[in-house]
Structures are given as C-alpha cells and as structure tokens.
S.K.: 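Submitted below is the structure of interest, expressed as structure tokens.
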Amino acid sequence: MAANKVIMVAEKPSIALSIASVLSHGQMSTRKASTDVHEFEGMFLGFHVHFKVTSVIGHVFSVDFPEKYQNWTTTDPLDLFQAPIQKTEANPKAHIRRHLSQEARGYGNLVLWLDCDREGENICFEVMDCIGHSNETRRRIYRARFSSVTEKDILKAMDNLVEPNKDEALSVDARQEIDLKVGVAFTRFQTSFFQGKYGNLDSRVISYGPCQTPTLGFCVQRYLQINTFKPEKFWAVRPYIMQKGYELQLEWERNKLFDYDVAVMFQKLVMEDGILEVTEIVEKQESKSRPSGLNTVNLLKVASSALGFGPQMAMQVAERLYTQGFISYPRTESTAYPSSFDFRGTLGAQVNNPTWGSYVQKLLADGYQKPRSGTDVGDHPPVTPLRSATEDMLGNDAWRLYEYICTHFIGTVSPDCKYVRTRVEFSIGGEFFHCVGHRVLVKGFTSIMPWLAVTEKNLPQFKKGEKIEVSQVDLHEGMTSPPDFLSESELISLMEKNGIGTDASISVHINNICERNYVQVLAGRKLGPTALGITLIRGYQCIDPDLCLPDIRSFIEQQITLVAKGQADHFRVVQHVLQQFRQKYSYFVKQIENMDALFEAQFSPLADSGRVLSKCGKCLRYMKHISSQPSRLYCNTCEEVYYLPQKGSIKLYKELTCPLDNFELLIFSMPGPDGKSFPLCPYCYNSPPFEGIDTLFGAVKSGPSSQLGKGAGMPCFLCPHPTCRHSLIAQGVCACPECSGTLVLDPVSAPKWRLCCNMCNFLVLLPEGAHQISTTRERCPECDSTILEVDFNKKTTPLENGETLYTGCILCDELLHSLVEMKYGKSFFKRMGGRGRGRGSRRGGYRGRGRGTGKKVDPKMSFRDF
DNA sequence: GCAAGGTC
C-alpha cells in the first residue's frame, strides 16, 4: 500500500468535484468512470502525495431477504422476524463496488467525505467494505467532518481528520433491519389476507410501514374529525358606527355565544345604551420578521400550498434546477446559513435579473441585512439561487419554483417589515368592543414577497373618552364548521414535527400513500383518505393503535439512538425491537377478524364483485372479472382466483377455448390508442411455465406500447396449429415438432434459454453458456424449421480458440453442415466431434416426447447435448 | 408484489 497515495470518497459526484477543485486549486485531471475520478498532487499530513477523489451515489448497498424468503406463499411472514438478511448492491448497474475496489488499489490512505449524518457514517463503512479495510491491507482510514462544501470547511476538515464512527453506522444497520422486517411482514400478511377476499379492493399491495402508515394516520385522523364534527349555531353582537365618513364594524370582546337568548339580551343592552365610549387607544410599532433560510420541508410546503406542486414533483423540479446549476443542493434540514456564506456573491449573481435585478441592486447599495438565525443541522446550507435565470430558460414549472427560491433568499437578507398597529377599545351597555388598524411604515422583505405583506387598514381618528352614537346593532348568526381535509403542506409539518421521514424521504412517503390508493389528492392539494385508507387505520385503531401512531417511528429512532451513542449493543437492540414487533405482529394476526369486520362492511366479497366474463375450464361455469387492481378472474364455484395482466382492458376472445384446460380464451389490450393486444388463456397464464409471464415483458408491464418489439417487449402469438388456439405472449422462434406450435423462450428458465412449446410444453434445452439467441432467415432442410443462431459467452463455451457462434436447427438435432462450413470451414466439426453424445440423449429439463424428425443426421452434435 | 434511506 503506497503511503504517498490518498483516495478520497464523497457521497455524490458533485461533492467529489467540489473537494477536488478546492484541494487542487482547480488543477486536477478528471476521468469518467462509474462516478468521475479526479486526480492531482498535493500535501497530506505534511507529505507530498498523489490524491484521487471519487464518489459513491448514496448508499452502495441495500438490505433484503435471501432468495429462500422471497416467496410469498411458502414463507410465513412471522419467520421473517428471525430471518437472515443480506446486503446487495443497491444499484448493480452502476458497479460502484467494483469501481471503488479498482480505484483504491495501491492507495495507502482513505479519506471518507460522506455527509455528516448517521446515513453518511453508514456509507463510510459501505465504502470501506468495498475497497477492503482489513489488517492485511494496512490502509489508513480517515473521516473528514464538514458541514458545507465551501473552501473554508473543506480545508478545516482536512486539518481535523477523525475516525469513522462505527456506532452511528451500526444504528443505521439496525434501522434498516427493523424497517425491512416489520414492513415486509405486515405488508405480506395483510395483502394476502384481504386481497384474496374482497373484489373491489382497488390495490395491488396493501402495504404497511413505520413511516407510511403514521403518515396515512394523520390524514385519516383529520377525516374522522370532520366526520364526527357536529356543527353548532352561534351568535355575535356586531355594532356599527359612522366616524368621519367611515362605516366601521366593531368586534365583540366575547367573540361569540352559543346561547341565543343570552346573545339577544346583550344585543338589547347595547341597543338600549346606544352610545359607545372610546375607553382606550393603543398604538404600537410592530414588526414582521424576514424569513430564515429555506430548507427542504419549507420548500415542499410552499410548493404545495402556493404553487400547487406535489412534493414528488417539487423535488424533481428542484433536483433539475440543482443539476443545471441554478440552485444549491435542495435536500437540507438547515435554515441557518453557515458563517462563511457569500451573501454578496449570491446577491451579485442576481443584479441583472429582469424580474428582481433592480431590487437586488438597491439592496446591495443600501446594505443587505444579516439573515435571521435559524437552525444549522450541519448537513447542507439552506436552498439558495446560484445562477440567474429567466422564465424562457427554465420553462414554466421550474421557473415558478426558482422564482420562489430566489425571492425567499432575497427576502432573508431584506429588512423586516415594520408597521403600526392601532387598537381602539369601546364600551357600551356594560359590554366591550374593539377595532384594529394597521399602517405599514417599512415594507422591507414584503415588497419582494408580497403575499406576506401586512394589509393596510386605516382607522378614522378617535379620542379617548369620545362618545359615538351606534348606527346599527346586528345579531350575527353563524354556524361552526368542520376543519377541511388535511392539506399536503399541513401533513408535511406534522411529519416533520413527529420525526416521520427525512427531508429526502417525506415526499416519497406521501407519494406512497397516494399510489397505494390510501389517499387522493383533492383540489387545493388537500388529502382525502379513500375507503381503503380509512378502513385500514380504523382497523389498526381497534386492534393495536400503536401500529398507526407516529410514536412507532419515534420508538425505533429512540432505540437506535442508543446504538448510535454507544449506549447499547447493536445486536441486542435489534433483537429487542424485533421481539416487540413480532409480538405485535402475532397479536395483529390473531385479531385480524376485527379489522376484517370493517372491511366486510366496506368492501364486497369476491363472489359479489365483478362482471361475468368467461367460462372456467374446470367447472365450466362463468367466472367473474374483477377489474379493480389487481385485475383478476374469480371462479365462484371452484373458489379460485386467476390473475390477469395489469393496466389494460380484457375481453372475451372469439369464444375459443384453450385445448389444454378448456378455459375460455381472453384478449388483453394495453392502454392507449395504439395499445397492442394479445390473446391469452387465464389458466395457463397462472401456471408454470407461464406463471407471471408479464414480469418478463417490461413493455407489457410498464412501458408505453411504442416500446414493444424492443428488448423485453415481445410480440404475441397464437399457436398456429389448426386445432390448438392456445395463446401466449412470446417471441416465436421455431415450430414445435409435436404440433407445429410456436416454440418460445421459456420465461421460467430464462436466462438459461430453454425453448418451450406453447401447446404441448415440449421443452428444448439450449447449450449452457448461451447468452443470446436469435433467428436466421435460413430454414432447416430436414424439417423446415427456422434456424437459430446461438451466441456463447466465451468463458463458458467448450469451444477452443474463442469460437462463439453456432448455427443449427434445434429440432432435428442437426448442426447444418453447409451453413456452418460456409461460416467456419470444415475443421469446425472436427473440433466439435468429440463432445457429441448423439441423437436422443436427453438432459434434465427436456420433457418432450421426442418424436424428432425421424431422420438420422450427422455429425453427432446436438444442441440438446450440451 | 413488500420498508426506509441515500441519490439521479
């Protein structure tokens, strides 16, 4: 390990770039890899060294259960609490692990520049895991602690390197394990329980999570408040006066009364007196403070309430503004600027902006204010503009968010708003009334943030002791009204207050409960819970209210904080918390009938749901199509559910039946005007090897129909056999020797590349190591089937000299002399001859009855024989 | 098909 080589790893590419720029004074060379790598020479701990700076992209790993526990039907969710867990690369395609280990080779020092929070600390250990940090490597490990990516902070961190904090990292491991086990166990159980029971449950997955469920809880709590609200009538005495030409309505000190007779009595007293006396005039200068720096939560709240953007969209737009360099990093909890913040420079960038440039110029000339102190969590500075932009440059949505970020920033360094508040008090008939006026002295920040302006209200002149005649005394009748549905912005506040989610994940949880159909976003971005959302929360409330209370998150947080502080052992804390949740889970399962009673009242059983569509092949009675998600067929007689492809329409297909199972065929059409259609048999679709076939076909599942034909999206076929109308989604590559049906890639064994006949399940095993298969235009002279080309992975091919291509007919077991010889010359067969086992030899997986073509062929080579 | 947390 070279001691004069230092590798530094940041949490994301942009931070690596900033660190490298500062430490190299811009004199570094940059190379593209999984994430950019910057290299330069410099001083480290008093030595001249070679530096390399690169980054991860957030967490390198995520946790999940091993394969064995992935099957929903064979795994009891209760077992998940004790199941092992494994870490796998969060984004395997990014190859971060390989990247880090390669780049760190030969580097004797590692400096970890991950964000300074628990997650960052955890990623430190992920990085160490990737590059190896065992004793043998003898690499020195350092942790840089910094609260912003400014030159000052970076240099300070370099001078004060510490060790990574194992306890904090372990607390994140604990959270990950607890969240995974609890979330997945409850989700699998309640999904399986309710989905197989009710037809009009409009949800594919009925999820549970220690963040998402309390989030839903807030929305339902407000709904229940509204629902149980009893409006009440109230009355208020409202005297009017004419003063110096102004008509003025006075406010009652008692505000309102809920007893009509008493209110009438007071009205009479006031009317009988008829003369108001001015008892007090209080004039006071007040001020409205400029805002403190903008953090993510406040950005999301404004985006929702003022711009009408949902949190998910707001974050997407902010992310784009950030990557384009218009604003600073948008995920931060801090509302205080770091002491080193360059206000003059940030303002200076806006002086030529056509919208607020002149205001900024004036602010710079008159002297901007020091911002109000806020909280500095030590993560990132508040969200601020970097480059100036116009609406034309950004487009409408991004502009509106950018405009807010700019005006908010300018507001934070503008003067406070100052105004005079005048309160005039009156007495009449023993009752007291008042009126309030506002006169603005200094608009301050409200001139750039006009929606926060103090509204001017002029009052006519009064003198203390002055007597004024009442012009009219009304008895106003009103009705108390329920609160409105929880607004998204209120929900964000509640989540923040209760520690549900983080700046980066709050928007995800809100989006989750919308996508799972627990709440709907109504006009004005109010969140209205659906029947499913309400029933779930009411169910938890009657079985175990803890399950939907925000305390469940605080409990986990508090427990893992013990680990983070080194006050408790990681393993014991995890065991303790899981033990508690396991008990809660068992009790929940035992009591599920109580929740089910609520579901029964709200949803209809499968038998009563859906429309009659097609005949069951077993009982020959009609089955019902349940169109709500997940789309499926239900046979009332057999009590069987047959799942269908999702997100499309389904109809009866020509009243044809499947020759294999007698189920009536259906035709599925994907959404959209040019949505493709394909026929299918509901029974085969749910049976191996076709089970879940749509998961293989990205385009069917999620992509627009235009993607069909590319990659995983494949065209659809009916078996060409005259008596076989069996159907499937597949790529037809060859004819079946048994029935001439289409041979298709078998989805179960993919990517092992078995071929399977759609009609008779005749399976053809292709050579192992084949990693691509394609059709040629050639036909087999023996059986007239399409000739396939199989491409081998060089590592596994038995061929010598790197030959990687076969051409042949899989049906006659024949490699075609002419074709292969044409391509590779005669020596090809010699080389291959020794490996053949001849026709008829079979290997596992081949289930065909093997009629073959009846013709002997040479040489003794077979695709099946591999 | 499942959680929550990073980041893109």
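Chain letters run A, B, ... following the sequence lines, proteins first and then strands; every chain starts at 1.
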S.K.: Of the nucleotides B:dA3, B:dT7, B:dC8, which one has an atom closest to the side chain of A:Asp115?
M.R.: B:dT7
S.K.: Is there a residue in residues 175-183 of chain A whose heavy atoms reach under 4.0 Å of DNA chain B, and which residues are they?
M.R.: A:Arg175, A:Gln176, A:Asp179, A:Leu180, A:Gly183
S.K.: Scan A:Glu126 against the nucleic acid and name what it touches under 4.0 Å (heavy atoms): base, sugar-phosphate only, or nothing.
M.R.: nothing
S.K.: Identify each donor-acceptor pair in which a side-chain atom of residues 508-517 of chain A lies under 3.5 Å from a protein atom, sequence neighbours left out, and give them as a table.
M.R.:
from	atom 1	to	atom 2	distance (Å)
A:His509	NE2	A:Ser505	OG	3.4
A:Arg516	NH1	A:Ser207	OG	2.8
A:Asn517	ND2	A:Asp202	O	3.0

S.K.: If you assign each of A:Tyr69 and A:Arg331 to its closest nucleotide in DNA chain B, which residue comes earlier from the 5' end?
M.R.: A:Tyr69
S.K.: Which is true for A:Pro210 with a 4.0 Å heavy-atom rule: it touches a base, it touches only sugar-phosphate, or it touches nothing?
M.R.: sugar-phosphate
S.K.: To the nearest Å, how far apart are A:Glu67 CD and B:dG1 P?
M.R.: 12 Å
S.K.: Over all strands shown, is A:Val60 touching base, sugar-phosphate only, or nothing at heavy-atom distances under 4.0 angstrom?
M.R.: nothing
S.K.: Ignoring the backbone of A:Pro13, work out which of B:dG1, B:dG5, B:dC8 is nearest its side chain.
M.R.: B:dC8
S.K.: Which atom pair, heavy atoms only, marks the closest approach of A:Val63 to A:Ile85?
M.R.: CG1-CD1, 4.2 Å
S.K.: Using the closest heavy atom to pick a nucleotide of DNA chain B for each, name whichever of A:Glu319 or A:Ser207 lands nearer the 5' end.
M.R.: A:Ser207
S.K.: If the condition is side-chain contact (heavy atoms from CB on, under 4.5 Å), which residues does A:Ala157 pass it with, not counting sequence neighbours?
M.R.: A:Trp113, A:Ala144, A:Phe146
S.K.: Send over the distance from A:His380 NE2 to B:dG6 P, rounded to a whole Å.
M.R.: 10 Å
S.K.: Calculate the interatomic distance between A:Asn512 atom CG and B:dG5 atom P; express it in whole Å.
M.R.: 11 Å
S.K.: Quick check on contacts: within residues 494-510 of chain A, what sits under 4.0 Å from DNA chain B by heavy-atom distance?
M.R.: A:Gly501, A:Thr502, A:Ala504, A:Ser505, A:His509
S.K.: Excluding sequence neighbours, so at least two apart, what forms side-chain contact (heavy atoms from CB on, under 4.5 Å) with A:Asp596?
M.R.: A:Phe193, A:Phe194, A:Lys197, A:Tyr198, A:Glu593, A:Phe599, A:Glu600
S.K.: Considering every strand and a 4.0 Å limit on heavy-atom distances, what is the contact class for A:Arg118: base, sugar-phosphate, or nothing?
M.R.: nothing
S.K.: List the residues meeting side-chain contact (heavy atoms from CB on, under 4.5 Å) with A:Thr30, not counting sequence neighbours, and say none if there are none.
M.R.: A:Met28, A:Asp36, A:His38
S.K.: Look at all strands and tell whether A:Tyr208 reaches a base, only sugar-phosphate, or nothing, counting heavy atoms closer than 4.0 Å.
M.R.: sugar-phosphate
S.K.: What residues, two or more places apart in sequence or in another chain, satisfy side-chain contact (heavy atoms from CB on, under 4.5 Å) together with A:Thr561?
M.R.: A:Arg118, A:Lys565
S.K.: Does the pair A:Arg143/A:Glu121 count as a salt bridge with the N-to-O cut at 4.0 Å?
M.R.: yes
S.K.: Please state how far atom CD in A:Glu168 lies from atom P in B:dG6, giving the value in whole angstrom units.
M.R.: 14 Å
S.K.: Separation of A:Asp64 atom CG from B:dA3 atom P, in whole Å?
M.R.: 11 Å
S.K.: Can you list every pair that meets salt bridge (Lys or Arg N to Asp or Glu O under 4.0 Å) and has a residue in residues 320-332 of chain A, with sequence neighbours left out?
M.R.: A:Glu319-A:Arg331
S.K.: Give the rounded distance in Å between these two atoms: CD of A:Glu333 and C1' of B:dG6.
M.R.: 13 Å
S.K.: Do we see A:Trp72 stacking on the base of B:dG1, given a limit of 5.5 Å between centres and 30° between planes?
M.R.: yes
S.K.: Which of these nucleotides, B:dC8, B:dA3, B:dG5, is closest to any side-chain atom of A:Cys211?
M.R.: B:dG5
S.K.: How are the rings of A:Phe588 and A:Phe186 set relative to one another: parallel (under 30°), tilted (30 to 60°) or perpendicular (over 60°)?
M.R.: tilted
S.K.: Look at the side chain of A:Val205 and decide which nucleotide, out of B:dC8, B:dG1, B:dA3, has an atom nearest to it.
M.R.: B:dG1
S.K.: Among B:dC8, B:dG6, B:dC2, find the nucleotide with the atom closest to the side chain of A:Thr323.
M.R.: B:dC8
S.K.: What about A:Gln316, does its side chain sit under 3.5 Å from the base of B:dC8 through a donor-acceptor pair?
M.R.: no
S.K.: Looking only at side-chain atoms of A:Arg516, point me to the closest of B:dA3, B:dC8, B:dA4.
M.R.: B:dA3
S.K.: Can you say whether the rings of A:Tyr540 and A:Tyr208 are parallel (under 30°), tilted (30 to 60°) or perpendicular (over 60°)?
M.R.: perpendicular
S.K.: Holding to salt bridge (charged side-chain N to carboxylate O under 4.0 Å, His left out), I want the full list of residues that pass it with A:Arg632, two or more places apart in sequence or in another chain.
M.R.: none
S.K.: Given atom CZ of A:Phe581 and atom P of B:dA4, what is their separation to the nearest angstrom?
M.R.: 11 Å
S.K.: Expressed as a whole number of angstroms, how long is the span from A:Phe65:CZ to B:dA3:P?
M.R.: 12 Å
